[in-house]
Amino acid sequence: QVQLVESGGGLVQAGGSLRLSCAASGRTISTTAMGWFRQAPGKEREFVAGIRWSGRRTSNGDSVKGRYTISRDNAKNTVYLQMNSLKPEETAVYYCAADPMGRGTSDIREYNYWGQGSQVTVSS
């Protein structure tokens, strides 16, 4: 079992930045791919970014390329999402998730463990 806890969300103005953290406990995630997803009110949960155990990043969603960066610190059992140039339409609850198969793709079905989410609100 892996427990995931996100932090770092909050209110930010359009064009601003936030850094989300996802701390894992229960077992090491050093051999597990991780992903970030987001869900806006009334919308489906969508893939944002993924990262394999080695640090190799899987493809970000096209909408966030060049602005979002996923990274990990296996020694701290933590994954991060740096978000720059935020837009109001990116207001959502952001979730981190663990992919035991290790691919870190956009396929939500591959993620078995989820955090409770962190609210990100971008004001215009």
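Side-chain atoms are counted along with the backbone in the values below, which use heavy atoms only and exclude waters and symmetry mates.
- Minimum heavy-atom separation, L4 to A98: CD1-N, 3.8 Å.
- Rounded to the nearest 0.5 angstrom, I70 CD1 and M34 CE are separated by 8.0 Å.
- Looking only at side-chain heavy atoms (C-beta outward), M83 and V120 come within less than 4.5 Å of each other.
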Inset, instruction - Take T69 and R57, measure what side-chain hydrogen bond (donor to acceptor under 3.5 Å, both in side chains) needs, and give me the verdict at the end. - result: CA-CA 9 Å; T69 302; R57 296 178 179 88; 5.6 Å; no
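- The environment of CH2 in W53 is sparse: at most 12 heavy-atom neighbours from other residues, nucleotides or ligands sit within 6.0 Å.
- A side-chain contact (heavy atoms from CB on, under 4.5 Å) with S118 holds for exactly one of V5, L20, L81; it is L20.
- Two residues are said to be in side-chain contact when any heavy atoms from C-beta on lie closer than 4.5 Å; F47 and T58 meet this criterion.
- Using a 4.5 Å heavy-atom cutoff, the side chains of Y113 and P100 are in contact.
- Put simply, NZ on K87 and OG on S63 are 7.5 Å apart, with the number rounded to the nearest 0.5 Å.
- Between T78 and R72, the closest side-chain pair of non-hydrogen atoms is not below 4.5 Å.
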Legend entry - salt bridge (Lys or Arg N to Asp or Glu O under 4.0 Å) between E89 and K43, worked out: CA-CA 12 Å; E89 56 265 35; K43 295 188 177 181; over 6 Å; no
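- Summarising the geometry of S17 relative to S85, their closest heavy-atom pair is OG-N, 4.3 Å, with the distance given to 0.1 Å.
- Note: I29 CD1 to D99 CG = 12.0 Å, rounded to the nearest 0.5 Å.
- Considering all non-hydrogen atoms of both residues, S124 and A14 come closest at CA-CB, 4.4 Å.
- Within the 4.5 Å cutoff, the side chain of R45 has heavy atoms near those of the I108 side chain.
- Each of Y94, Y95, W114 was evaluated against F37; a single residue qualifies, W114, per the ring pair (Phe, Tyr, Trp, His ring centres under 6.0 Å) test.
- The CE atom of M101 sits 10.5 Å away from atom CZ of R109, with the distance rounded to the nearest 0.5 Å.
- Stacking of R19 on the aromatic ring of Y80 is recorded, both the 6.0 Å distance cut-off and the 45° axial limit being met.
- Comment: R38 does not engage E44 in a salt bridge, judged by the lack of any side-chain N to carboxylate O separation of less than 4.0 angstrom.
- A donor-acceptor contact shorter than 3.5 Å is absent between the side chain of N74 and the backbone of N77.
- Taking CZ from R52 and OG1 from T105, the interatomic distance works out to 9.0 Å, rounded to the nearest 0.5 Å.
- At a threshold of 4.5 Å between non-hydrogen side-chain atoms, the residues Q119 and E6 do not count as touching.
- You'll find the side chain of W36 stays beyond 4.5 Å of the side chain of I51, heavy atoms only.
- Considering CG of L11 and CG of L18, their distance stands at 9.0 Å, rounded to 0.5 Å.
- Between Q82 and S71, every side-chain heavy-atom pair lies at or beyond the 4.5 Å cut-off.
- Between V64 and V48, the shortest heavy-atom distance links the atoms CG2-O, 3.6 Å.
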